[in-house]
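Report on the structure given below.
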Amino acid sequence: MEYTGLQSNRLFTVREWARNNPWPSESGLRHLIFRNIDGFRDKVIRKIGKRVLIHEGAFQQWINENGDAHNA
């Protein structure tokens, strides 16, 4: 089943995400954010002050849109 919406509004810090999800690792996630791979930072990250948060629903949508982009 393909994820089609931003149904989950949960926000995680990078460290929380890595602790609760097997992929990507904390360093892998920081790489995606820093390099803005396939618009990752623009689509998935929410900033509140200096805090960087990952929007769970946006992450799932980003995976659906870009998951196979580098495997072609």
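Since we're looking at a predicted model, the values are computed, not measured.
Linking Ile, Leu, Val, Met, Phe, Trp and Tyr whenever their side-chain heavy atoms come within less than 4.5 Å leaves Ile33 and Leu11 in two separate clusters. Hydrophobic clustering places Ile54 together with Trp23 (ILVMFWY residues linked when any side-chain heavy atoms are closer than 4.5 Å, directly or through intermediates). Follow the hydrophobic side-chain contacts under 4.5 Å out from Leu53 and you never reach Val14; the two are in separate clusters. A continuous path of hydrophobic side-chain contacts links Val52 to Ile37 [ILVMFWY only; heavy atoms under 4.5 Å].
Counting only heavy atoms from C-beta outward, the side chains of Trp62 and Leu32 approach each other to under 4.5 Å.
Rounding to the nearest 0.5 Å gives a distance of 9.5 Å between CZ of Phe59 and CD1 of Ile45. Distance check: His31 NE2 to Phe40 CZ gives 11.0 Å after rounding to the nearest 0.5 Å. Rounded to the nearest 0.5 Å, atoms CG (Asn21) and CD (Glu56) are 7.0 Å apart. In this structure, OG on Ser25 lies 10.0 Å from CZ on Arg30, to the nearest 0.5 angstrom. Atom CH2 of Trp17 is separated from atom CZ of Arg10 by 8.5 Å, given to the nearest 0.5 angstrom.
Although no hydrogens or angles enter the test, the distance criterion places no donor-acceptor pair under 3.5 Å between the side chain of Asp38 and the main chain of Asn66. The closest donor-acceptor contact from the side chain of Glu16 to the backbone of Thr13 lies under 3.5 Å. Panel note: side chain Arg41, backbone Phe34; a donor-acceptor pair is recorded below 3.5 Å.
The two atoms that bring Lys50 and Lys47 nearest to each other are O-CE, 4.4 Å, heavy atoms only. A pairwise comparison of heavy atoms in Val44 and Ala58 identifies CG2-O, 3.7 Å as the closest pair.
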Inset, instruction - Would you check, one step at a time, whether the test side chain to side chain donor-acceptor pair (under 3.5 Å) holds for Gln61 with Glu65? - result: CA-CA 6 Å; Gln61 182 147 356; Glu65 293 170 359; 3.1 Å; yes
